[in-house]
Number of protein chains: 2
Amino acid sequence: MVQRGPNPGSGENLLFLTDEQLRKGIEAMFFAYRGFTADPDRILDEYGYGRAHHRALHFINRSHGTTVNNLLTTLGVTKQSLNRVLRGLIEDGLVEARVGRTDRRERNLFLTDKGQELERKLAEAQRVRMRAAYRAAGPQAVAGFRQVLEAMMDDDIRQTYLSLKDGR
Amino acid sequence: MVQRGPNPGSGENLLFLTDEQLRKGIEAMFFAYRGFTADPDRILDEYGYGRAHHRALHFINRSHGTTVNNLLTTLGVTKQSLNRVLRGLIEDGLVEARVGRTDRRERNLFLTDKGQELERKLAEAQRVRMRAAYRAAGPQAVAGFRQVLEAMMDDDIRQTYLSLKDGR
DNA sequence: CTTGGAATGTCAACAAGGCTGACATAACAT
DNA sequence: ATGTTATGTCAGCCTTGTTGACATTCCAAG
């Protein structure tokens with residue numbers, strides 16, 4: 001019952017975890033995810049790409065030189081599905097696939113300048129919204145936001161997420 | 001340096017809102033949403049349904065007797081897309097579409113017993129995960145979670161969300 | 001050196017679930 | 001009587017996921 005937080009509504013009533021409260025959280029996730037993807041989606045549309053391209057660009061940018069297999073497991077799709085997306089990005093000169101140095105079977109993936117340009121554009125659009133949401137909610141809310149999201153992930157995915165967490 | 005919260009990292013440093021921090025939030029959303037949908041997806045698979053069916057069942061259950069048009073705007077899809085899903089659910093006897101009493105052009109949508117059964121199963125699977133995440137993160141985190149999600153929605157969607165917020 | 005297996009790429013086929021456009025019907029509203 | 005609204009439906013297209021099959025390349029173990 002003891003509640004020190006500055007946050008009205010954050011108190012002991014949430015400990016009940018009624019189905020009603022859980023349902024609100026579920027709907028919030030659904031609607032927020034729509035907002036989360038809306039801005040990049042508009043940009044992607046202009047370029048004739050989809051969300052799958054965005055995800056690929058994001059994680060290649062995130063981990064320069066990552067392999068196809070790494071990307072596969074991070075994204076949670078099949079190689080065929082990823083390959084189609086990747087092929088498009090390579091053909092359009094946004095992504096470069098270099099033969100691995102140590103293991104020449106592998107392909108190390110990099111963004112070209114053109115690829116970085118689009119990635120930055122997409123990321124910035126998404127960050128604008130996140131930034132606004134973070135500012136509106138405040139730092140304590142942001143900490144809670146991330147705690148809950150983290151707890152919501154599958155265990156193995158959480159490992160992937162954490163290993164990327166403070167990466168280069 | 002002052003840190004009162006139970007949470008190292010939840011303090012004033014988050015006010016900086018670096019691109020790095022925003023990126024972590026973005027990735028958390030991506031991975032968490034996968035977890036969020038994973039359990040219902042497995043159940044839906046057994047029934048030969050997809051996420052679209054889940055969403056329809058959820059919001060029909062949410063607002064008994066809602067019209068097709070209402071559902072359309074809530075879900076943010078076209079009537080053709082919704083109709084395909086709805087047709088399947090009606091054929092399989094999970095949803096009933098009754099001609100409107102006041103306006104006979106409208107169809108009021110209801111879950112049958114069978115529909116309610118599946119909806120409960122899906123909702124419970126999703127709630128189990130939410131409940132676990134909420135418990136792990138704590139009530140204050142949950143409040144923050146919802147604040148950020150709410151701030152992340154499109155303005156018009158937020159209206160829809162809020163109008164649904166405290167039930168009919 | 002040969003062979004097994006791993007990493008990757010590619011082809012084909014399919015399905016879900018979005019979309020647009022066009023058209024039909026019924027019912028309300030003026 | 002006419003126009004508008006709500007709904008349904010058909011057709012066609014796209015993205016993005018799936019499985020299965022098969023080829024290539026190349027490392028590594030024997």
Side-chain angles (χ1 to χ4, degrees), chain A residues 30 33-34 37-38 40-60 65-92 95-110, chain B residues 30 33-34 37-38 40-60 65-92 95-110:
Chain A
F30 171 62
Y33 200 78
R34 283 240 295 272
T37 55
D41 280 355
R42 272 186 285 273
I43 296 168
L44 289 159
D45 235 40
E46 297 168 20
Y47 285 75
Y49 294 131
R51 255 179 230 180
H53 299 87
H54 183 188
R55 294 195 280 260
L57 291 173
H58 175 94
F59 284 106
I60 294 171
T66 188
T67 65
V68 172
N69 239 344
N70 277 343
L71 202 49
L72 231 52
T73 43
T74 305
L75 295 176
V77 298
T78 60
K79 70 176 172 173
Q80 293 91 331
S81 205
L82 176 58
N83 193 256
R84 177 174 32 201
V85 166
L86 230 36
R87 206 187 313 155
L89 292 173
I90 290 169
E91 276 168 13
D92 297 349
V95 167
E96 196 191 338
R98 294 184 209 148
V99 171
R101 312 115 304 158
T102 61
D103 185 337
R104 301 188 46 198
R105 287 168 302 182
E106 294 181 344
R107 299 288 178 274
N108 295 114
L109 303 169
F110 299 89
Chain B
F30 172 62
Y33 200 79
R34 282 240 296 272
T37 55
D41 280 355
R42 271 188 285 273
I43 296 168
L44 289 159
D45 236 41
E46 298 168 19
Y47 285 75
Y49 293 131
R51 256 180 231 181
H53 299 87
H54 184 188
R55 293 195 282 261
L57 290 173
H58 174 95
F59 284 106
I60 293 171
T66 188
T67 65
V68 173
N69 242 341
N70 277 342
L71 202 50
L72 231 50
T73 42
T74 305
L75 296 176
V77 297
T78 60
K79 70 174 173 175
Q80 293 92 329
S81 208
L82 176 59
N83 192 257
R84 178 174 30 198
V85 166
L86 229 37
R87 207 187 312 156
L89 292 172
I90 291 169
E91 276 168 12
D92 296 350
V95 168
E96 196 192 337
R98 296 184 207 148
V99 170
R101 309 118 304 160
T102 62
D103 186 337
R104 301 190 44 198
R105 288 170 303 181
E106 296 181 342
R107 298 287 178 276
N108 295 115
L109 302 169
F110 300 88

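Within every chain, numbering begins at 1; the chains are lettered A, B, ... in the order of the sequence lines, protein sequences first and strands thereafter.
A straight line from CG of B/Asp103 to P of D/dT7 spans 8 Å, rounded to a whole angstrom. As rounded to whole Å, 11 Å separates atom C1' of D/dC14 from atom CG of A/Asp45. Rounded to a whole Å, the CG atom of A/Asn108 is 14 Å from the P atom of C/dA7. Taking atom CG on B/Leu71 and atom C1' on D/dT7, their separation rounds to 13 Å, with Å as the unit. When rounded to the nearest whole Å, the span between CG of A/Asn83 and P of C/dT8 equals 11 Å. In this structure, the CG atom of B/Leu72 is 14 Å from the C1' atom of C/dT20, given to the nearest Å. Between B/Arg51 atom CZ and C/dA15 atom C1' there is a gap of 15 Å when expressed in whole angstrom units. One interatomic measurement links the two molecules: CG of B/Asp41 to P of D/dT16, which rounds to 18 Å at whole-angstrom precision.
Here the closest heavy-atom approach between residue A/Val68 and residue A/Leu82 is recorded as O-CD2, 3.9 Å.
Between B/Asn108 and B/Arg101 the shortest side-chain heavy-atom distance falls below 4.5 Å. Residues A/Asp92 and A/Tyr49 form a side-chain contact, since some pair of their non-hydrogen atoms from C-beta on lies under 4.5 Å apart. Side-chain contact between A/Leu57 and A/Val95 is present, with at least one heavy-atom pair separated by less than 4.5 Å.
At the phosphate of C/dT8, neither OP1 nor OP2 sits under 4.0 Å from any side-chain N or O atom of A/Arg107. The shortest distance between the side-chain N/O atoms of B/Thr78 and the OP1/OP2 oxygens of C/dC19 is below 4.0 Å. At D/dT9, one or more side-chain N or O atoms of B/Arg87 fall inside 4.0 Å of OP1 or OP2 (strictly under the cut-off). Of the side-chain N and O atoms in B/His53, one or more sit less than 4.0 angstrom from OP1 or OP2 of C/dG17. Residue B/Asn69 places at least one side-chain N or O closer than 4.0 Å to OP1 or OP2 of D/dT7.
Taking for each of A/Arg101 and B/Arg105 the nucleotide of DNA chain D with the nearest heavy atom, the 5'-most of the two is the partner of B/Arg105. Residues A/Thr102 and A/Leu82 both approach DNA chain D. Their nearest nucleotides, taken by heavy-atom distance, put A/Leu82 toward the 5′ side.
Remark: B/Arg55 fails to qualify as a cation-pi partner of B/Phe59 under the 6.0 Å distance and 45° angle criteria applied to the six-membered ring.
Closest to the side chain of A/Lys79, from the set C/dT10, C/dC19, D/dT7, is C/dT10. The listed nucleotides are D/dC27, C/dG17, D/dG8; the one nearest the side chain of B/Val68 is D/dG8.
Across all strands shown, A/Arg84 has heavy atoms under 4.0 Å from base atoms, whether or not it also approaches the sugar-phosphate. Using a 4.0 Å heavy-atom cutoff across all strands shown, B/Gly76 reaches sugar-phosphate atoms only and no base atom.
In the interface, the side chain of B/Gln80 is not paired with the base of D/dG12 through any donor and acceptor atom under 3.5 Å apart.
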